[in-house]
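Structure, as structure tokens:
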Amino acid sequence: MNILLICTGNTCRSPMVEGILRKARPDVFVRSRGISAKEGAPLSAEAERILRDEGLLFSHEAHQLQQEDLAWADKIFVMTAAQLALLRLIFPAEEKKFALISPEGKDVFDPFSGGEVEYQLAFDALQTAIYERFL
């Protein structure tokens, strides 16, 4: 199974959840992308710290979402209802693949301008979502 994880910049949430899912389900193929990613940007410092502390750090640089990514994916998970609505509007042919990462339909807020607490809260929400969806 091919899983695509999408957030805004591909430097915080989607790479964190990519690390969680890679460890939890090594039998699936995982990619992360950003809707507005700066190609080649590194992980945010806090996301890198959390992934390192959790033993989930992997080589990552940000990538902009492309049509080929959508075709590759069997399932596509986004972080917010706004992202879900936007992607359904832009890519209606892929609508059935899209879902919020949270099974409860809750947004996972963007910790980008926050500190350690905001990043940890986002990581915890993503980890819970992966356990509920995939384990």
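Predicted model, so just to flag it, every value in this text is computed and none were measured. Positions are given from 1 along the sequence.
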Given the rule that I, L, V, M, F, W and Y join up when any side-chain heavy atoms are under 4.5 Å apart, are [X] and [Y] in one cluster?
X      : Y     : result
Ile101 : Phe98 : no
Leu4   : Leu86 : yes
Leu43  : Met79 : yes
Leu5   : Leu87 : no
Val30  : Met16 : yes

Search all heavy atoms of Trp72 against all heavy atoms of Phe29 and return the closest pair with its distance.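 Answer, listing the atom of Trp72 first, then Phe29: CH2-O, 3.6 Å.
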Heavy-atom pair of closest approach, residues Pro111 and Cys12: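 That closest heavy-atom pairing would be CG-CB, 4.2 Å.
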Are the side chains of [Y] and [X] in contact, using a 4.5 Å heavy-atom criterion?
X      : Y     : answer
Ser32  : Asn10 : yes
Asp53  : Glu48 : no
Arg133 : Phe77 : yes
Phe134 : Leu21 : yes
Ile35  : Thr8  : no
Phe112 : Thr11 : yes
Glu39  : His63 : yes
Lys75  : Lys97 : no

Give me the one residue out of Ile20, Val17, Thr128 that meets side chain to side chain contact (heavy atoms under 4.5 Å, CB included) with Phe123.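 Exactly one candidate clears the test, Ile20.
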Quick check for you: to the nearest 0.5 Å, what is the distance between [X] atom [atom1] and [Y] atom [atom2]?
X      : Y      : atom1 : atom2 : value
Gln83  : Ile76  : CD    : CD1   : 12.5 Å
Leu135 : Arg25  : CG    : CZ    : 7.0 Å
Leu51  : Leu57  : CG    : CG    : 6.0 Å
Leu126 : Glu18  : CG    : CD    : 12.0 Å
Ile50  : Arg52  : CD1   : CZ    : 11.0 Å
Asp107 : Ser102 : CG    : OG    : 8.5 Å

Donor-acceptor contact present, side-chain [X] to main-chain [Y], <3.5 Å:
X      : Y      : value
Glu118 : Gly115 : yes
Glu61  : Pro42  : no
Asp74  : Asn2   : yes

Whether Arg49 engages the ring of Tyr119 as a cation-pi pair (distance to the six-membered ring centre under 6.0 angstrom, angle to the ring normal within 45°) should be assessed.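 No, a cation-pi geometry is absent between Arg49 and Tyr119.
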So Phe58 and Arg22, side-chain contact (heavy atoms from CB on, under 4.5 Å) or not? Walk me through it. CA-CA 10 Å; Phe58 62 98; Arg22 283 177 180 222; 4.1 Å; yes
Under 3.5 Å, is there a donor-acceptor pair linking the side chains of Ser44 and Glu46?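 Absent: no donor and acceptor within the cut-off.
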Is the closest basic N to carboxylate O distance between Asp69 and Arg31 below 4.0 Å?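 Judged by the 4.0 Å cut-off on N to carboxylate O distance, Asp69 and Arg31 do form a salt bridge.
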side-chain contact (heavy atoms from CB on, under 4.5 Å) between Gln67 and Glu94, intermediate numbers included: CA-CA 10 Å; Gln67 181 69 43; Glu94 307 292 346; 3.8 Å; yes
